[in-house]
Amino acid sequence: MHILGIETSCDETAVAVAVDGHDILSNVITSQIDKHALYGGVIPELAAREHLRSIGPAVDYALAAAKVGLKDIDAVAVTHSPGLLPALLVGISYAKGLAAAIDRPVIGINHFLAHIFGAFIDRQELIADPRNFPVLALVVSGGHTALVLIQLDGDCRIVGRTLDDAAGEAFDKGARILNLSYPGGPLIDKMATFGDPEKFQFPRGLLGTSGTRVSAENRLNFSFSGVKTALLYHAKKQGLAGIDSLVTPDSAVKENLANLDPILLDTVASYQEAVVDALTRKTVWAIDDYQPRTLVLCGGVACNSRLRTKIRAAVDARDINLAIAPLEYCTDNAAMIGGLAYYYLCNDSTSQLDLDANPRLGELGSIPIASRSLKGAPA
Amino acid sequence: MINENIYSSPQVIISDSESETRQLGIELAKRLVGGTVVALCGDLGAGKTVFARGLARGLGIEDPVTSPTFTVVQEYSGLDLDLYHIDLYRVEDASDLVALGLEQMVGNLSAVTVVEWAERAEDLLEAGGFEVKIECKDIESRKIEIRYF
């Protein structure tokens, strides 16, 4: 079945054509990142205006690239939660209009769950085998940081989440404090390879490293506001807060990076290490608690090479599967939307035309990806 | 401690810790009526979210109050009053706020709206409310000015 996926929850206008969940015929992303770089972040109204301008051409392009027409589309899937309300509404309105016009169902998809599914697009065999459940997913992005447990019956539960800032936000705000350009994450990743991650000690929130005991309820929760504040004072103390020239991706070629102030490079490496260390250690605790058979790493921060390395090392020490979302599915995309929607379509759980946007990440409910939860599959 | 007459005379308080800043938020929440805006001003790391977290607790909200930097708006259900938690960190132009529905939130008499980086939308904050300026003195202590406008 061909599903047209549409994603407009944040920066990216993305459209994809996915067949039977895993065969991605096209995956179009109209990146808006350059415009946002001018402002240092996402500006919701601007994002909505850009989505409105881009969505029509993006759909045409995705269909053409997939070499299919609207008559071949069996359903239209769209991100309906969570995200920026004005941005979500552009995608939803378009999807509903299109679905009504071609007389096909519309399927509202949770962006957060779709990111987890992104790790399985190329690894269908993992979710086809019930023995690979339960699945534990570390979802790390600019807006979210959470550990999600998925059972064989599709039941999803958040077992750990950030109490304040998301890990991606810690990178973005850290970059802002050090006068690095937006988006901060990729630049910090590159710069950190030239610094010493052990040079400075930044706090790891809710890990008990500062001598305070971690309460049982916060055992798997995260906190990244403390490390951000610590960086602020460190930068002031080291005189790093006011570097004259903005470090931009253009100036981030190797020879330039290596020539940067060593204290700045050590700071970046140590700061990244604190964030990555907290993510990794909490994930290991969650593995110990819930004994999952598969670990998923997904979301924009899953692109961070240090996090990938440390998570891989942690998983290698245990006998479980690791599914790291490919880079193109870590950042926002519509392939994961159209792909996941296939499983909802198989379960006849399509949406109605009163489908509405929900900016909040509420209860996750169920993600029917295991073979057992597919309708008609043997129990 | 926040004075009884905070509505008529501004107050300057020195907070010596994160928990004191949070406590001030709890106390202010108890004096708020629906439709009030609490405008939080201060640099990165000053403790705006900490204060907002206190407000939420003071309104009887038990859910974790996470940073709205990325989502821009977070909504919470309180006991008597709901809470809109807004962050203008990534918003440069106040006209962009119209599309976010800020005016509807501020006009909602069964909710309180707390706005971080409020200095970026001064003209939208004429509805009447509190301005809370948080200034870093050193790593722990903060000078907090609370003024009704």
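Reminder, nothing fancy here: chain letters follow the sequence lines and each chain counts from 1. Atoms considered below: every heavy atom in the structure, side chains included; atoms not considered: hydrogens, waters and symmetry mates. Here the structure is a predicted model, which means the values were calculated and not measured.
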_Taking side chain as everything from C-beta outward and backbone as N, CA, C, O, which of these in B:Glu18 sits under 4.5 Å from a heavy atom of chain A? Side chain, backbone, both or neither._
neither
_For chain A, which residues of residues 55-68 of chain B have heavy atoms nearer than 4.5 angstrom_ = B:Asp63, B:Pro64, B:Val65, B:Thr66, B:Ser67
*Hey, is the main chain of B:Asp138 close enough, under 3.5 Å, to the side chain of A:Tyr233 for a donor-acceptor pair?*
yes
_Intermediate values then yes/no, side chain to side chain contact (heavy atoms under 4.5 Å, CB included), B:Tyr89 and A:Glu169_ = CA-CA 12 Å; B:Tyr89 180 73; A:Glu169 183 178 337; over 6 Å; no
*Which heavy-atom pair separates B:Arg53 from A:Leu163 by the least distance, and what is that distance?*
NH2-O, 3.7 Å
_Just so I know, are the side chains of A:Asp165 and B:Thr69 near enough to count as touching, which here means a heavy-atom distance under 4.5 Å?_
no
*What is the distance from atom NZ of A:Lys173 to atom CG of B:Leu44, rounded to the nearest 0.5 Å?*
5.5 Å
